[in-house]
Structure formats: structure tokens, C-alpha cells
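Contents: one structure, followed by commentary.
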Amino acid sequence: MGFKKYDSAAEEQKAELEKQQIEDEKSSFSSMVEENNKEIEELEALPLDEIQESITKRIEESRETYLSYTKKQKKLSGLISAAVLLVMIGALVLMVTLSAKVPFITYISLAIMIVALGGTFFSTKVFRKKLSAMADLYINTLYKEVNNYLFKDSEKFSELDCKPNGQMKDEIFMDARFYKNLKGTKSRNLVAVNYKGNLLGIADLAGNVLVKNRLSPMFLGKIYDYPNTYANEGKRIIVQVKGGELSRPVDDIDDLQLVDGTKTYAVYTNDENYKKVLSQKVLDQILKLKVDKTLIDVIVSIRPGKTCIGIDYVDEFLNIPVQSKFDFNNVKRQESDLNKVLNILDNIH
């Protein structure tokens with residue numbers, strides 16, 4: 001085979017075309033996100049009903065109580081610190097000025113300093129314990145109110161168990177095999193609820209990898225774990241609804257093939273009969289979870305006996321509001337996405 005002559009003009013043209021293609025894809029993605037944002041804005045524009053207003057009021061009262069306590073504690077801590085500083089200075093002055101004239105003044109001054117420092121340590125410990133209790137009360141109120149609302153339909157759900165500080169088992173996310181080299185997970189707002197006779201597990205979860213000796217999340221969002229009847233041992237299916245710059249493409253796919261994909265999604269599997277499980281109906285339901293200003297991407301793992309769905313959200317969506325007011329629009333969005341997830345789970349066989 002002969003050598004091909006280097007054509008600088010052709011290479012430059014090729015590079016320009018590739019650059020233009022990337023720009024076109026970015027523009028297309030931005031347009032899609034902008035269109036999806038309109039749907040969210042329409043949902044947010046809907047006025048709250050009486051129940052939603054009542055929930056918002058109770059959560060806001062709890063938040064304001066906690067916030068008020070933190071402000072009072074900060075002021076009190078400042079006053080105590082100032083008082084201790086004055087006592088320490090006074091004791092030091094006594095020790096320096098009177099140590100030559102008054103016997104034992106050095107020991108008395110040191111004793112005063114030790115008592116002052118001990119008092120500071122004790123008060124700080126008490127304040128932290130009380131602050132932690134107040135924070136737990138607010139968090140418990142928030143999650144209880146939201147989850148009772150989300151799972152209020154007694155015809156669909158039963159036996160609701162919500163643990164605000166509960167941890168989802170590491171293997172639930174790690175066995176889904178979205179990402180390589182995971183170093184464990186961290187989660188909260190653990191929900192277990194009976195849905196159509198099976199246990200549905202949900203949590204706010206971070207799936208972490210080690211980057212420069214520090215844990216960094218490859219995924220940060222909602223995880224849904226639910227049984228399925230898929231029985232092909234050794235087979236699995238991974239679907240990702242692609243996102244923008246914040247999205248982390250799934251990478252634990254070395255043993256899988258890309259069998260379907262567009263600019264919007266990708267399907268990886270080692271099961272040649274995957275469409276019997278991931279039917280077009282199921283895929284269409286997955287694609288109803290759309291990337292927008294709140295939702296970064298979606299990952300789905302279907303393996304024998306288990307379906308795991310992860311919705312990656314921006315940080316602000318999952319953060320517990322303290323300085324800012326509670327926004328019920330986040331709950332409306334959670335409710336909308338939960339219903340879409342349930343439709344996916346209903347159709348996976």
C-alpha cells in the first residue's frame with residue numbers, strides 16, 4: 001500500500017467541518033433544553049392548591065424556626081466569646097501586675113483561665129448538640145411533608161417508610177454498573193414504599209469516585225430501585241439520556257455494545273434480544289424524562305431481577321433550603337418525574 005500525500009488544505013477543511021459539527025450539536029442541544037424549559041415553566045406557573053399551600057406553610061414555619069435559632073445562637077456565641085476574652089485578658093493582667101506582690105495570684109489567674117476555657121468548650125458542645133437537634137427537626141419535617149404528599153395515593157402506594165438520615169445500600173447503585181471505580185455512595189432521604197406489591201426504594205444519592213485523593217460524585221440525584229422479571233443471567237441493558245457539560249457519560253460498558261443511539265440517548269447491552277425488555281414503549285417512556293435547567297441526565301440499568309433508574313439533578317434542586325424559602329415547585333417537579341419513572345417500571349417485563 002502506498003503512502004498518502006498530506007494535503008494541508010483538505011485537513012484544514014476537515015477540521016473546520018468537525019468544529020462546525022460540534023457547534024451545530026451544541027446549538028441543537030441548547031435549543032432542545034430551551035424548549036424543555038418551557039414545559040417546566042408551565043408547570044411552575046400553575047397556582048398551588050389548598051393542600052400544597054398548607055404543606056408549604058408548615059415547612060416554612062419549621063425552616064424559619066431553625067433559621068431563627070441559628071441566628072440567636074450565633075449572637076450568643078459571639079457574646080460568650082467576647083466575655084471569655086475579657087476574662088482571659090483580666091486574668092492575664094492580674095497575673096502580670098500582682099504576681100510579685102500577691103502570693104498564689106499566678107495559680108488563681110491560671111485557674112480562672114482554665115474555667116473560662118472549659119466553660120467555652122462546654123457551651124460550644126451544648127450549642128452544637130441543640131443546633132443539630134433543631135436541624136434534624138426541620139429536615140424531618142420537610143421530608144415527611146414532601147414524601148407524604150408524593151406517595152399519598154393509597155391505591156398505588158402502601159407501607160410508606162421515610163428515613164431522612166437513612167442510607168441506601170451501596171450495592172444498589174454500584175451493582176447497577178453505570179460507572180467504573182466507584183468508591184461507595186452517600187445518601188439521605190431514604191424512602192421504602194410498597195408499589196403494586198413490590199418494594200420501591202428511593203434515595204437522594206451521590207455515587208463517588210476518587211479524584212486526587214478526594215471523593216468526587218459521578219452521579220448526584222434521585223435513585224429508584226425496583227424488582228423486574230428480566231431473567232437472562234449475565235445480560236444487562238444500560239440506557240442514558242444524554243446531557244450537557246455537567247453530564248457524566250456511563251463508562252462501565254466495556255463488555256457491552258452500543259446497539260442504539262442518537263444525539264439524545266444511547267443504549268448499551270450484551271443481550272441480542274434486548275428489545276423484548278427495552279421495548280420501544282419503554283424507551284419512549286424513558287425519553288419523557290427530558291434534560292432541562294433542572295435535570296442533567298438520566299441513567300437506567302436493567303439486569304436480572306432489578307431495575308435501577310437514576311435522575312441526575314442540579315445541586316440546587318436537591319439542596320435543603322435554609323437561607324432561601326421553600327419552593328413547592330420542586331415538589332411538583334419531583335411528582336412529575338416520579339410518575340414518569342413509575343410508567344417506565346410498569347412496562348419493563
Side-chain angles (χ1 to χ4, degrees), residues 39-40 42-59 139-164 166 168-169 172 176 187-205 221-231 239 241 276-290 294-295 298-303 305-311 313 317-318 326-349:
E39 295 182 21
I40 300 304
E42 289 174 3
L43 181 65
E44 293 175 349
L46 296 174
L48 301 184
D49 61 28
E50 188 175 339
I51 293 175
Q52 294 168 342
E53 289 279 10
S54 179
I55 292 171
T56 301
K57 182 180 178 181
R58 288 194 292 271
I59 292 175
I139 293 169
N140 289 349
T141 299
L142 187 151
Y143 284 144
K144 179 181 177 181
E145 292 285 351
V146 170
N147 288 318
N148 283 341
Y149 174 82
L150 291 174
F151 303 100
K152 61 184 179 296
D153 189 342
S154 59
E155 293 184 2
K156 286 184 179 180
F157 306 108
S158 63
E159 303 172 26
L160 174 64
D161 182 20
C162 175
K163 295 183 173 71
M168 180 174 274
K169 293 180 180 178
I172 289 177
S187 55
R188 68 184 183 194
N189 189 21
L190 179 64
V191 173
V193 64
N194 187 299
Y195 174 65
K196 294 188 174 180
N198 291 302
L199 181 66
L200 172 61
I202 308 169
D204 299 350
L205 181 142
K222 284 275 186 185
I223 284 292
Y224 300 83
D225 178 69
Y226 194 69
N228 63 37
T229 56
Y230 184 44
V239 184
V241 179
K276 291 182 179 179
V277 181
L278 185 69
S279 64
Q280 188 60 49
K281 183 176 182 180
V282 173
L283 185 58
D284 289 343
Q285 293 289 350
I286 292 172
L287 294 177
K288 287 183 179 179
L289 291 163
K290 299 176 181 178
T294 298
L295 192 153
V298 180
I299 49 180
V300 181
S301 169
I302 304 170
R303 61 193 191 280
K306 280 288 187 177
T307 299
C308 183
I309 299 176
I311 304 179
Y313 293 108
F317 184 77
L318 293 177
F326 172 76
D327 186 357
F328 199 88
N329 283 321
N330 282 1
V331 183
K332 290 195 288 185
R333 174 59 187 270
Q334 287 184 55
E335 183 178 29
S336 174
D337 288 350
L338 171 63
N339 289 331
K340 292 172 184 175
V341 167
L342 296 177
N343 287 335
I344 296 167
L345 298 175
D346 287 343
N347 288 286
I348 292 176
H349 305 292

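Bear in mind the structure is a predicted one, so any value in this text is a computation, not a measurement.
When side chains are defined from C-beta on, N330 does not count as touching V146, because their heavy atoms never get closer than 4.5 Å. Side-chain contact check for P227 versus L199: every heavy-atom pair is 4.5 Å or farther apart. In this structure the side chain of N148 never reaches within 4.5 angstrom of the side chain of I55, judged on heavy atoms. The shortest side-chain heavy-atom distance between K340 and K290 does not fall under the 4.5 Å cut-off. Side chains of L205 and I172 form no contact here, defined as non-hydrogen atoms less than 4.5 Å apart. Considering only heavy atoms from C-beta on, V191 comes within 4.5 Å of F151 through its side chain. No side-chain heavy atom of I348 sits less than 4.5 Å from a side-chain heavy atom of Y230. Counting only heavy atoms from C-beta outward, the side chains of L342 and K196 never approach each other to under 4.5 Å.
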task = Go through the steps for L289 and V241 under the test side chain to side chain contact (heavy atoms under 4.5 Å, CB included), then give the verdict.
result = CA-CA 8 Å; L289 291 163; V241 179; 5.5 Å; no
inquiry  = For V331 and F326: C-alpha separation, side-chain torsions, deciding distance, then whether side chain to side chain contact (heavy atoms under 4.5 Å, CB included) applies.
reply    = CA-CA 10 Å; V331 183; F326 172 76; 3.6 Å; yes
request  = Please step through side chain to side chain contact (heavy atoms under 4.5 Å, CB included) for the pair I202 and N147, ending with a clear verdict.
outcome  = CA-CA 11 Å; I202 308 169; N147 288 318; over 6 Å; no
task = Could you give me the CA-CA distance, side-chain angles and deciding distance for T307 and Y224, then say whether side chain to side chain contact (heavy atoms under 4.5 Å, CB included) is met?
result = CA-CA 8 Å; T307 299; Y224 300 83; over 6 Å; no
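Counting non-hydrogen atoms of neighbouring residues, nucleotides and ligands closer than 6.0 angstrom, the NZ atom of K152 exceeds 12 such neighbours. The local environment of NZ in K306 is crowded, with over 12 non-hydrogen atoms from other residues, nucleotides or ligands closer than 6.0 Å.
The distance from the CZ atom of R333 to the CD atom of E39 is 9.0 Å, given to the nearest 0.5 Å. From I311, atom CD1 reaches atom NZ of K222 across 9.0 Å, with rounding to the nearest 0.5 Å. Within the model, atoms CG of L345 and CD1 of I302 stand 9.5 Å from one another, a figure rounded to the nearest 0.5 Å. Put simply, CG on L338 and CG on L200 are 7.5 Å apart, with the number rounded to the nearest 0.5 Å. Taking CD from Q285 and CG from D346, the interatomic distance works out to 9.0 Å, rounded to the nearest 0.5 Å. Atom-to-atom distance recorded for C308:SG and I299:CD1 is 7.0 Å, nearest 0.5 angstrom.
In terms of heavy-atom proximity, L295 sits nearest to Y313 at CA-CD2, 4.1 Å. Taking all atoms of both residues into account, the shortest heavy-atom contact from G310 to I223 is CA-CD1, 3.7 Å. When all heavy atoms of S187 and A203 are compared, the pair lying nearest together is CB-CB, 4.3 Å. For R188 against L318, the heavy-atom pair with the smallest separation is NH2-O, 3.0 Å. Residue V239 comes nearest to L278 through the heavy atom pair CG2-CD2, 3.7 Å, listed as atom of the first residue, atom of the second, then distance. Heavy atoms only, all atoms of each residue included: Y195 and F157 are closest at CD1-CE2, 3.6 Å.
No salt bridge links D284 with K288; every basic N to acidic carboxylate O contact stays at or beyond 4.0 Å.
Checked against the 6.0 Å centroid threshold, F328 and Y149 count as a close aromatic pair.
At distances below 3.5 Å, at least one donor-acceptor pair connects side-chain atoms of N228 with backbone N or O atoms of R303.
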Which donor-acceptor pairs under 3.5 Å do the side chains of residues 43-51 make with protein atoms, sequence neighbours left out?
| unit_1 | atom_1 | unit_2 | atom_2 | d |
| --- | --- | --- | --- | --- |
| D49 | OD1 | I51 | N | 3.1 |
| D49 | OD1 | Q52 | N | 2.7 |

